[in-house]
> 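Mind having a look at this structure? Questions to follow.
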There are 2 protein chains.
Amino acid sequence: MTNDDPHLKEVATASELLFQGNFLTARRDTVRLPDGHSATREYVIHPGAVVVVPLLDDGRVVLERQFRYPVERVMVEFPAGKLDAGEDPLICGQRELLEETGYRAREWAHAGAMHLAVAYSTEIIHVYFARGLTAGERQLDHGEFLDVFAAPVDQLLGWCRDGTVTDAKSLTCMLWLTQYLSGAWPLDWMTPHQANPAG
Amino acid sequence: MTNDDPHLKEVATASELLFQGNFLTARRDTVRLPDGHSATREYVIHPGAVVVVPLLDDGRVVLERQFRYPVERVMVEFPAGKLDAGEDPLICGQRELLEETGYRAREWAHAGAMHLAVAYSTEIIHVYFARGLTAGERQLDHGEFLDVFAAPVDQLLGWCRDGTVTDAKSLTCMLWLTQYLSGAWPLDWMTPHQANPAG
């Protein structure tokens with residue numbers, strides 16, 4: 001499959017800042033459609049993020065419970081966070097896992113990436129697995145409140161099925177986790193040193 | 001698990017319209033954090049959506065290729081669309097499948113729901129499966145350009161693994177599809193008439 005189909009592609013002809021908030025930035029672009037007509041596209045600019053699937057030695061995974069204001073509920077999620085400017089995704093994953101859960105991991109594996117909301121956001125989330133975990137003190141950001149807990153994969157799968165887990169990035173991680181555990185999608189594990197010799 | 005943890009919950013104390021675009025609407029709310037401090041939350045208001053996993057009798061699934069401007073690429077996705085005001089999700093799924101692909105389905109099953117971008121959007125996507133498909137003429141909206149095609153599930157899974165498919169809602173659907181096909185998550189199939197006697 002090619003990614004450059006003229007019969008599908010939209011080309012920008014103008015771009016304006018829609019608003020710049022404390023957290024959200026949005027733009028409105030004018031585009032030329034494949035048939036030559038014009039349309040506008042409004043979307044959120046996002047720096048990208050990382051989500052981590054932390055595997056404990058006993059077979060459980062590390063999860064978080066966090067109140068998510070836009071959906072007005074406590075969500076069960078894998079640890080995740082936004083990339084700092086210029087930050088390597090693996091470094092971000094290590095930082096977020098440590099800050100939010102207190103865990104450090106001996107080995108890491110890059111599984112893939114997802115685009116979260118393709119209709120209105122630039123956000124890409126890089127998916128990492130972590131194993132060889134050791135617990136420590138977490139370092140939550142000011143104003144960040146979340147619970148950390150561990151659950152067996154089978155129980156987590158049940159929560160995905162029964163609607164306890166509805167977070168799309170975490171459900172997507174469960175596709176990778178189930179395929180990894182079945183042996184269908186092996187991962188290429190590495191130590192942080194191998195991954196970032198300069199780090 | 002309870003969904004009303006005082007040590008996690010944020011309570012709105014003020015709300016303002018951040019902007020109202022042609023497509024996006026965003027608000028900025030002031031909230032009281034669990035520790036009594038204040039913070040702001042900026043988020044997109046979304047009407048909700050439906051995604052459909054259409055199963056052909058030969059074992060393939062129906063997919064779309066669509067240019068997604070915010071991520072600047074042609075994405076492989078399951079058919080999906082936004083809820084009209086007050087629209088039943090099943091009716092929306094039937095409408096979007098017909099409009100975008102031309103297919104009608106004899107049987108439908110509700111699989112679950114996902115919250116797409118919990119940090120900055122209210123969007124919930126309802127997941128439906130459809131089978132007993134018959135092809136017809138599609139009825140694309142003005143300015144909508146997309147290709148419809150079918151692929152075997154194994155090939156689609158390969159695309160999820162190798163990064164050809166990166167759309168989070170479609171990857172989440174693949175969790176349900178793999179669990180359904182393995183027999184682990186059976187679905188409760190119904191005809192549209194059973195589901196909507198008045199429809």
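In this text the structure is predicted, and so the values were computed from the model without any measurement. Every chain is numbered from 1 and lettered A, B, ... according to where its sequence line falls, protein lines coming before strand lines.
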> State, to 0.1 Å, how close A/Phe23 and B/Ala119 come at their nearest heavy-atom pair, and which atoms those are.
CE2-O, 4.1 Å
> Please classify the contact between B/Val118 and chain A as side chain, backbone, both or neither, with a heavy-atom cut-off of under 4.5 Å.
both
> Would one find more than 12 heavy atoms of other residues, nucleotides or ligands at under 6.0 Å from atom CG of B/Asp188?
no
> Give the member of B/Val165, B/Leu33, B/Ile124 that has the highest number of heavy-atom pairs under 4.5 Å with chain A.
B/Leu33
> For B/Ile125, which atoms come within 4.5 Å of any heavy atom of chain A: side chain, backbone, both, or neither?
neither
> If you tally heavy-atom pairs under 4.5 Å against chain A, which of B/Val71, B/Leu24, B/Asp35 wins?
B/Leu24
> Group every Ile, Leu, Val, Met, Phe, Trp and Tyr by side-chain heavy-atom contacts under 4.5 Å, then state whether B/Phe67 and A/Val11 land in the same group.
no
> Taking B/Thr172 for the side chain and A/Ala168 for the main chain, is one N or O donor matched with an acceptor at less than 3.5 Å?
yes
> With a 4.5 Å cut-off on side-chain heavy atoms, are B/Asp167 and A/Met114 touching?
no
> Which atom names give the shortest non-hydrogen contact between A/Pro70 and B/Ser121, and what distance separates them?
CB-O, 3.5 Å
> Considering heavy atoms only, which positions within residues 131-143 of chain B lie below 4.5 Å of chain A?
B/Gly143
> Is it possible for you to say whether B/Val62 and B/Leu98 belong to one hydrophobic cluster, with membership spreading through side-chain heavy-atom contacts below 4.5 Å?
no
> So which residues of residues 77-86 of chain A are in contact with chain B at a heavy-atom cut-off of under 4.5 Å?
A/Glu77
> So how far is it from A/Leu175 CG to B/Gln179 CD, rounded to the nearest 0.5 Å?
9.0 Å
> So how far is it from B/Leu146 CG to A/His7 NE2, rounded to the nearest 0.5 Å?
9.0 Å
> Does the side chain of A/Lys9 come within less than 4.5 Å of B/Val74's, by heavy atoms?
no
> With a 4.5 angstrom heavy-atom cut-off, is it the side chain or the backbone of A/Leu177 that approaches chain B, or both, or neither?
neither
> For B/Asp162, is it the side chain, the backbone, both or neither that has a heavy atom under 4.5 Å from a heavy atom of chain A?
neither
> Heavy-atom distances under 4.5 Å only: say whether B/Cys173 touches chain A with side chain, backbone, both or neither.
neither
> In terms of heavy-atom pairs under 4.5 Å, which option from A/Pro34, A/Ala117, A/Gly112 contacts chain B the most?
A/Pro34
> Are B/Tyr69 and A/Asp29 packed together at the side-chain level, in the sense that at least one heavy-atom pair is separated by less than 4.5 angstrom?
yes
> To the nearest 0.5 Å, how far apart are CG in B/Leu116 and CD in A/Glu123?
9.0 Å
> Name the member of A/Asp147, A/Thr122, A/Val31 that forms the most heavy-atom pairs with chain B at distances under 4.5 Å.
A/Asp147
> Please report the interatomic distance CE(A/Met174) to OG1(B/Thr178), rounded to the nearest 0.5 Å.
10.0 Å
> Under 4.5 Å, heavy atom to heavy atom, which residues of residues 12-22 of chain A contact chain B?
A/Ala12, A/Leu18, A/Phe19, A/Gly21, A/Asn22
> If the contact rule is any heavy atom under 4.5 Å from chain A, which residues of residues 37-47 of chain B qualify, in numerical order?
B/Thr40, B/Arg41, B/Glu42, B/Tyr43, B/Val44, B/His46
> Heavy atoms, side chains only, cut-off 4.5 Å: are B/Cys160 and A/Trp185 in contact?
yes
> Side chains of A/His115 and B/Met75: does their closest heavy-atom pair fall under 4.5 Å?
yes
> In the structure I gave you, are the side-chain heavy atoms of A/Gln66 and B/Leu8 within less than 4.5 Å of one another anywhere?
no
> So which of B/Arg161, B/Arg68, B/Lys169 has the biggest tally of heavy-atom pairs under 4.5 Å with chain A?
B/Arg161
